[in-house]
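What follows is a set of notes on a single structure, which appears directly below.
Side-chain atoms are counted along with the backbone in the values below, which use heavy atoms only and exclude waters and symmetry mates. Since we're looking at a predicted model, the values are computed, not measured.
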Number of protein chains: 2
Amino acid sequence: MSSLLELRHLRTLTALRDAGNLSRAAELLNLTQSALSHQLKLLESVYGGALYERKSAPPRFTAIGARLLELSDRLLPHVDAAERDLARLAAGTAGQLRIAVECHTCFDWLMPAMDAFRARWPEVEMDIVSGFNPEPAALIPQDKADFAVVSTDGNGLTGVDFHPLFRFEIVAILSRSHALVEKPWLEAADFAGETLITYPVPDEMLDVVRQLLGPSGITVQRRSTELTAALLQLVASGRGISALPLWAVKSYLDRGYVKHCTIGRGGLYGSLYGACASRLSGAPYMMDFVRLVRESCFLTLPGITLL
Amino acid sequence: MSSLLELRHLRTLTALRDAGNLSRAAELLNLTQSALSHQLKLLESVYGGALYERKSAPPRFTAIGARLLELSDRLLPHVDAAERDLARLAAGTAGQLRIAVECHTCFDWLMPAMDAFRARWPEVEMDIVSGFNPEPAALIPQDKADFAVVSTDGNGLTGVDFHPLFRFEIVAILSRSHALVEKPWLEAADFAGETLITYPVPDEMLDVVRQLLGPSGITVQRRSTELTAALLQLVASGRGISALPLWAVKSYLDRGYVKHCTIGRGGLYGSLYGACASRLSGAPYMMDFVRLVRESCFLTLPGITLL
DNA sequence: TATTGATAATGAACTTTATTCATAATCCTG
DNA sequence: CAGGATTATGAATAAAGTTCATTATCAATA
């Protein structure tokens with residue numbers, strides 16, 4: 001009798017468009033693929049026709065689907081804006097967001113999220129905590145930062161909450177002529193004698209060391225540089241091998257500038273978490289920031305998985 | 001974590017504003033007062049404050065409530081429009097809406113609903129079936145009308161659906177000096193010897209006759225005229241008494257032009273139904289028309305109850 | 001100031017709906 | 001045509017939303 005269309009459905013539809021397929025849309029919405037499939041099926045039964053062609057990627061929407069998407073585009077921004085206004089009404093206070101990072105790569109994806117955030121919460125003062133801190137989460141209890149990007153949850157810090165961000169594969173980067181490119185995957189022993197080219201961070205912050213080389217007692221030479229491009233240049237010219245997030249080097253690999261190789265049997269994976277003071281964990285602007293980070297990363301970084 | 005605001009909530013809020021209080025809002029939405037109360041409570045717990053001041057009629061909204069209403073006003077018309085577009089996509093065919101009425105009073109409330117309908121479904125041809133038909137529902141199987149306003153459901157007509165509209169009290173209208181105005185209510189015997197002033201319709205169409213005079217075997221003189229104003233003029237000048245819907249004469253009563261009196265112990269009530277061909281019963285434009293009629297009547301006719 | 005009537009709130013039972021889980025079907029690609 | 005990825009499906013589960021029955025609150029009024 002009465003209309004059954006809800007915002008939930010519109011969110012699903014836009015997620016489907018943004019994510020490219022149902023499974024990814026589900027990930028974006030923190031739901032299962034099944035849930036969305038059922039949702040769409042229901043809508044289709046109500047409106048008497050398919051909403052999109054299933055077998056196409058990116059999805060091609062039918063007239064019905066397109067009309068609903070048009071509605072979504074018109075509505076959701078207003079809903080979003082209203083909810084932020086309401087959060088502001090509730091909190092009153094403006095707040096600040098001082099961001100600390102542990103590694104350089106973070107900036108690649110942090111910037112777009114920060115830009116989006118600035119547009120949505122103009123009254124929140126945003127800053128980057130200068131310098132690179134080996135353990136940025138420690139800055140939070142000291143009230144020197146409000147948000148820190150870290151690669152491990154729960155450091156035993158009290159009063160600090162960790163929000164899962166995403167998980168990504170770390171691959172070994174080799175020059176095109178390197179002998180090891182033939183191997184299906186690299187084991188710890190393969191690194192012996194090689195020079196490991198990395199960002200300038202302490203050993204214990206490197207996932208390759210922490211998860212592979214450390215446990216197996218293998219030590220390697222280290223050489224470091226700040227920029228990804230410089231790092232790859234060194235690898236390409238045979239000065240050593242590196243281990244970097246797949247998403248960070250995807251474009252270089254596609255161009256064939258360097259080669260890559262899985263590390264360990266099932267691959268080596270790193271995870272990132274956003275740390276913030278428990279006191280701010282529930283603050284709408286903080287939740288929105290975490291959401292924006294997750295969303296923009298998921299939509300722009302190839303091959304990552306949301307946590 | 002994720003937003004829980006849904007269109008449902010926005011609809012509740014606008015209904016609350018339109019209807020004036022929670023109970024009436026519930027009636028408008030075909031829900032219970034309790035349901036809406038729970039809904040609002042939930043919203044208030046989420047947004048951390050009241051949405052409106054309960055004890056005031058009409059409701060006074062807080063900043064939070066007002067912001068949500070602002071959102072509703074921006075969103076709901078678009079949702080509505082989209083759903084109509086989708087219905088058009090599904091049905092394809094334009095359709096027509098020929099309306100037949102049984103009594104003159106209907107036009108008072110039919111007009112605004114028809115105007116609203118015309119704006120929403122410009123492609124549907126709307127017409128009024130000329131002449132007053134003692135039994136307009138009969139025109140539907142003959143395909144001479146698509147919608148008929150009748151005062152009884154289920155005439156034993158097959159292929160015709162009856163949609164409950166609303167229920168209203170019918171009161172006796174007396175001149176200010178009439179002896180009967182002193183009585184707490186009128187019984188059948190009180191009508192004996194009086195002239196009953198009515199619209200020009202057959203006896204069996206009049207609720208007073210059908211429900212009160214008929215069963216008790218009392219017959220009265222009849223005199224009829226087409227216009228409500230003329231009818232009241234006759235009553236006021238002592239030519240007889242009348243029995244009319246309370247909502248139709250409310251303004252005359254408020255001005256003290258005539259007096260009124262309850263008919264029978266618990267009062268006399270009439271009900272109206274919208275009849276249409278079963279085949280069209282589920283057509284979006286027909287459902288929308290019924291909805292518009294119910295809604296506009298509920299919001300404009302004083303003292304009625306939705307069925 | 002009690003009484004009544006109207007409106008709103010509440011907690012528990014209930015119903016409906018949404019989501020997940022486990023699995024099967026389908027589609028695409030190499 | 002196998003294997004991987006995506007989608008569909010039915011049943012089970014979880015989570016709501018809604019109603020019911022009752023109580024609380026408030027305003028008008030006797």
Side-chain angles (χ1 to χ4, degrees), chain A residues 1-13 15-46 49-62 65 169 184 262 266-267 298 302-306, chain B residues 1-13 15-46 49-62 65 169 184 262 266-267 302-305:
Chain A
M1 173 128 194
S2 191
S3 156
L4 97 170
L5 186 69
E6 288 291 356
L7 292 176
R8 173 166 21 98
H9 302 120
L10 301 183
R11 293 201 179 95
T12 294
L13 230 31
L16 173 58
R17 178 187 51 193
D18 294 348
N21 69 44
L22 257 201
S23 310
R24 279 172 52 85
E27 200 173 349
L28 196 52
L29 295 172
N30 286 312
L31 289 171
T32 61
Q33 170 271 131
S34 179
L36 304 197
S37 180
H38 283 298
Q39 270 188 21
L40 294 179
K41 192 183 163 192
L42 180 64
L43 286 184
E44 297 188 328
S45 82
V46 169
L51 301 189
Y52 76 108
E53 298 168 23
R54 306 312 157 106
K55 50 211 162 194
S56 58
R60 292 179 48 79
F61 292 90
T62 65
E169 185 173 3
T262 303
F298 183 65
I304 74 164
T305 301
L306 288 180
Chain B
M1 174 122 191
S2 191
S3 157
L4 95 170
L5 186 70
E6 288 291 355
L7 293 176
R8 172 165 21 99
H9 301 118
L10 301 182
R11 294 203 177 94
T12 293
L13 231 31
L16 173 58
R17 177 187 52 194
D18 294 348
N21 68 45
L22 258 202
S23 310
R24 279 172 52 86
E27 200 173 349
L28 196 51
L29 296 172
N30 286 313
L31 288 171
T32 62
Q33 170 269 130
S34 180
L36 302 197
S37 181
H38 283 297
Q39 270 189 21
L40 294 180
K41 192 183 163 193
L42 180 65
L43 286 185
E44 297 189 328
S45 81
V46 169
L51 301 189
Y52 77 107
E53 299 168 24
R54 307 311 157 105
K55 50 210 161 196
S56 59
R60 291 179 50 78
F61 291 91
T62 64
E169 185 174 5
T262 302
I304 75 164
T305 301

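Here chain A contacts DNA chain C (any atom closer than 4.0 Å to a heavy atom, that is under 4.0 Å), and the contacts span C/dA18 to C/dC28 from 5' to 3'.
When the side-chain nitrogen and oxygen atoms of A/Ser23 are compared with OP1 and OP2 of D/dT7, one or more of them lie within a distance under 4.0 Å. Neither OP1 nor OP2 of D/dT7 sits under 4.0 Å from any side-chain N or O of A/Ser37. Distances shown here put every side-chain N or O of A/Arg54 at or beyond 4.0 Å from the OP1 or OP2 atom of D/dT6.
Between the CZ atom of B/Arg60 and the P atom of D/dC26 there is a distance of 17 Å, given to the nearest Å. Between B/Asn30 atom CG and D/dT18 atom C1' the separation is 13 Å, expressed in whole Å. For the pair A/Leu42 CG and D/dT9 P, the computed distance is 13 Å after rounding to whole Å. Taking atom CG of A/Asn21 as the reference point, atom C1' of D/dA5 lies 9 Å away to the nearest angstrom. Between the CZ atom of B/Arg11 and the P atom of D/dG17 there is a distance of 14 Å, rounded to whole Å. Atom CZ in A/Arg24 sits about 11 Å away from atom P in D/dT7, given to the nearest Å. Atom CG in B/Leu29 sits about 14 Å away from atom C1' in D/dG17, given to the nearest Å. Atom CD of A/Glu53 is separated from atom C1' of D/dT6 by 16 Å (rounded to the nearest Å).
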Could you write out each protein N or O paired with an N or O of nucleotides 22-24 of chain D at a distance under 3.5 Å?
none

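Closest non-hydrogen pair, A/Glu27 versus A/Leu306, comes out as OE2-N, 2.7 Å. Of all heavy-atom pairs spanning A/Leu5 and B/Arg11, the tightest one is O-NH1, 4.2 Å. Closest approach of B/Ala35 and B/Leu31 over heavy atoms only: CB-CB, 4.4 Å. For A/Gln33 against A/Ala26, the heavy-atom pair with the smallest separation is N-CB, 3.4 Å.
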**Request:** Test A/Leu43 against A/Thr12 for side chain to side chain contact (heavy atoms under 4.5 Å, CB included), laying out the working first.
**Result:** CA-CA 11 Å; A/Leu43 286 184; A/Thr12 294; over 6 Å; no

**Message:** Assess the residue pair B/Glu169 and B/Thr262 against the criterion (side chain to side chain contact (heavy atoms under 4.5 Å, CB included)); give the C-alpha distance rounded to whole Å, side-chain angles, the decisive distance to 0.1 Å, and a yes or no.
**Reply:** CA-CA 9 Å; B/Glu169 185 174 5; B/Thr262 302; 3.8 Å; yes

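Screening A/Leu16, A/Leu51, A/Leu13 for a side-chain contact (heavy atoms from CB on, under 4.5 Å) involving A/Pro59 leaves a single residue, A/Leu16.
To the nearest 0.5 angstrom, A/Glu53 atom CD is 5.0 Å from A/Arg60 atom CZ.
The side-chain tip of A/Arg24 points at the ring of A/Phe298 from less than 6.0 angstrom away and within 45° of straight on.
Nucleotides of DNA chain C nearest to A/His38 and B/Leu40 differ in position, and the one nearer the 5' end is that of B/Leu40. Each of B/Leu36 and A/Leu16 was matched to the nucleotide of DNA chain D holding its nearest heavy atom; the match closer to the 5' end belongs to A/Leu16.
In the set D/dT7, D/dT9, D/dT18, D/dT18 carries the atom at the smallest distance from any side-chain atom of B/Leu31.
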